[in-house]
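Notes follow the structure.
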Amino acid sequence: MVNRIKCYLPLLFLSTYSNEEKITLPNGRISNVYTGLFINNEFVDSVDRKVFETINPATGKVITSVAEASDKDVDLAVEAAANAFNDVWNHVDGKERGRLLNKLADLMERDLEELAALETLDNGKPFYSAKTYDLPSAISCYRYFAGWCDKIHGKVIETQHDKFCYTRREPFGVCSAIIPWNYPLEMQAWKMAPTLACGNTIVFKPSELTPLTALKVAALCKEAGFPKGVVNVLSGFGPIVGAAIASHMKINKVSFTGSNAVGKSILKASADSNLKNVSLELGGKSPNIIFADSDLDQAVKWAHMGIFYDSGQCCCAGSRVYVEDSIYDKFINKFKEHALNIKIGDPFHKDTYQGPQISLQQFNKIMSHIETGKKEGATLLIGGERHGEQGYFIKPTIFTNVNEEMTIMQEEIFGPVVSVSKFKTIEEVIKKAHLTKYGLAAAVFTKDITRAIKISNELKAGTVWVNCYNLVDANTPFGGYKESGIGRELGKYALDQYTQVKTVQINLGIQM
Ligand code: NAI
Ligand code: MG
């Protein structure tokens, strides 16, 4: 599928390899793919000269190999980021940081089709989605935070007559971000844009399953004119590179998105190293509550998108749908019909709605959850099996006759699997909605505005959607209650995550 025009240097240079490669993408476009670690504005081999393969999940075939970082490369990247912060970036004013972030956004707009195709190749998401949602949303995130760069300031605090007190919002210095594979370009933007806007430098780690677009954006950062060492990107494995970042003594902040277990290990590593600031955006098991007075067709469409978008690989996926019993039968028939009509397959085909799961491992994990659901007594209404011969596709899957004790109602499945159940009263559904350790998002469908507001206030979730699902904007905060995380990304709230407050107290005449 992928035709390599230029590959590694000849055998003669056995110990080194080209850090740039041209590949023909399945949609016919040619892309310059970067495969080295990005440190000090250069693509370099890892110290150990190791590489690993990245796979196209639609076919299971290898796309290319990229450099595999270790703790030694983390040290080099941190040194580059620290020097860049101390020597240059800390003296660059907000206006210039904003200009650079906007320039990066311009370059991403210029290369939008190429970036979208590369995202689809490495991640498997439909090209249409990458082009229409992921890219514009990542670009708008860089632009949004570009606007904040020269608007970050402290306060004057009145205390006593003979004193002048003010605060400053200062950067942490060297920050790091570790992101997952479900929205590689968007997650990079959510973390890199505010980190840089607030005046920090960054050591960035993409997921080992989707390193290609992060490296491409690194090249665009250089082209945009970011000084060397401000942005560093290390491809590699979580337990090696991620763990080295989490316990590094010279990294002052880590922002992480991913699984609950790894999130907790990062907090522990912070406690055991230098108490670096940690923000976490973890998983969810979000309830979607549909009342009898809602617009049924709209509720079906939103609920459908709420779970099946991005093959169900969404931290805020509406994986527990609660329907008021008087409309349950009608809802389930329409919902099922919708799910059966999903176009699943080649992500580069223009009509495809659902691509593959990210990896064989995730595919197996989801299938094992489906088996557990059946064993624990839930009714498998549709799906529950592989689609096609190659790649990691799973048919849209609906379970009914579920209860809150079941594993499929407690654990994040991260696939196209939804459980639908009935409720009679508001009290009952709120109680059930809260019966998980998560609190990332929730949704309510009703035409009764009073009920919508009351239940939104009641729900323990970082985001509540009313008569919609999955709507996120660069200027609206996002994050979790309970075990879904710590801190908020996006919006003005994100500035709190990437700055620390300094208080300056000046004596205007107080005598000792
Ligand atoms: P993961 O949490 O292992 O991976 C996310 C990122 O963390 C990757 O960059 C990975 O390299 C890194 N990482 C892994 N181990 C690490 C360690 N010990 N120290 C530091 N960094 C480490 O998630 P994975 O294995 O890809 O997916 C497993 C499950 O996690 C999914 O089924 C889903 O339930 C959940 N998940 C949630 C996401 C979200 O958006 N909240 C995103 C991805 C996964
Ligand atoms: Mg891949």
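Ligands are counted one by one from 1 in listed order, and the atoms in each one are counted from 1 as well. Residue indices begin at 1 and follow the sequence shown.
- Listed by number with element, the atoms of ligand 1 under 4.0 angstrom from any heavy atom of Cys315 are 39 (C), 40 (O), 41 (N).
- The main-chain N or O of Gly318 is never found under 3.5 Å from a side-chain atom of Ser286 such that the two would form a donor-acceptor pair.
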Just distance, no hydrogens or angles: give the donor-acceptor pairs under 3.5 Å from side chains in residues 234-251, sequence neighbours left out.
unit_1, atom_1, unit_2, atom_2, d
Ser235, OG, Ala67, O, 2.7
Ser247, OG, Ala243, O, 3.1
His248, ND1, Lys250, N, 2.9
His248, NE2, Asp75, OD1, 2.8

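- What sits closest to atom 26 (O) of ligand 1 on the protein, heavy atoms only, is Trp181 NE1, 2.5 Å.
- Proximity of Ala246 to ligand 1 is not established, as no heavy-atom distance is less than 4.0 Å.
- Close approach to Gln362 involves these atoms of ligand 1, each under 4.0 Å from a residue heavy atom: 27 (O), 28 (C), 31 (C), 32 (O).
- Between Glu114 and Arg29 no salt bridge is recorded (no basic side-chain N to carboxylate O distance below 4.0 Å).
- The closest non-hydrogen atom to atom 13 (N) of ligand 1, taken over Gly238, Pro206, Pro211, comes from Gly238.
- Aromatic ring centroids of Tyr481 and His434 lie 6.0 Å or more apart.
- Of all atoms in ligand 1, numbered sequentially from 1 with element shown, those under 4.0 Å from a heavy atom of Gly283 are 41 (N).
- Protein contacts to the Mg ion (ligand 2) involving N, O or S atoms at a distance below 2.8 Å are Ile55 O, Asp122 O, Asp122 OD1, Leu209 O.
- Atom 42 (C) of ligand 1 has its closest protein heavy atom at Pro180 CB, 3.3 Å.
- Residues Lys264 and Glu483 are paired through a salt bridge, judged by an N-O separation under 4.0 Å between the basic side chain and the carboxylate.
- Taking 4.0 Å as the cut-off between side-chain N and carboxylate O, Glu53 and Lys61 do not count as a salt-bridged pair.
- At the top of the distance list for atom 2 (O) of ligand 1, counting protein heavy atoms only, stands Ser259 OG, 2.7 Å.
- Per-residue contacts place Pro239 under 4.0 angstrom from the following atoms of ligand 1 (heavy atoms of the residue considered): 15 (N), 16 (C), 18 (N).
- Applying the side chain to side chain donor-acceptor pair (under 3.5 Å) rule to Ser137 yields the partners Glu186; only residues at least two apart in sequence or on another chain are considered.
- Using a 4.0 Å cut-off between charged side-chain N and carboxylate O, Arg386 and Glu389 make no salt bridge.
- Each of the atoms 19 (N), 20 (C) of ligand 1 lies under 4.0 Å from some heavy atom of Ala243.
- Heavy-atom proximity to atom 29 (C) of ligand 1, evaluated over Lys285, Glu281, Lys365, Glu412, is greatest for Lys365.
- By the salt bridge (charged side-chain N to carboxylate O under 4.0 Å, His left out) test, Asp134 pairs with Lys125, sequence neighbours left out.
- Under a 3.5 Å cut-off, the side chain of Ser46 and the backbone N or O of Glu68 do form a donor-acceptor pair.
- Under a 4.0 Å criterion applied to the non-hydrogen atoms of Gly242, ligand 1 contributes the atoms 19 (N), 20 (C), 21 (N).
- Atoms of ligand 1 lying under 4.0 Å from any heavy atom of Ile179, numbered from 1 in the order shown and given with element: 6 (C), 8 (C), 9 (O).
- Counting protein heavy atoms only, atom 44 (C) of ligand 1 is closest to Phe414 CE2, 3.8 Å.
- Of the possible polar contacts, none joining the Asn364 side chain to the Gln361 backbone as a donor-acceptor pair under 3.5 Å is found.
- Heavy atoms of Phe256 come nearer than 4.0 angstrom to ligand 1 in at least one pair.
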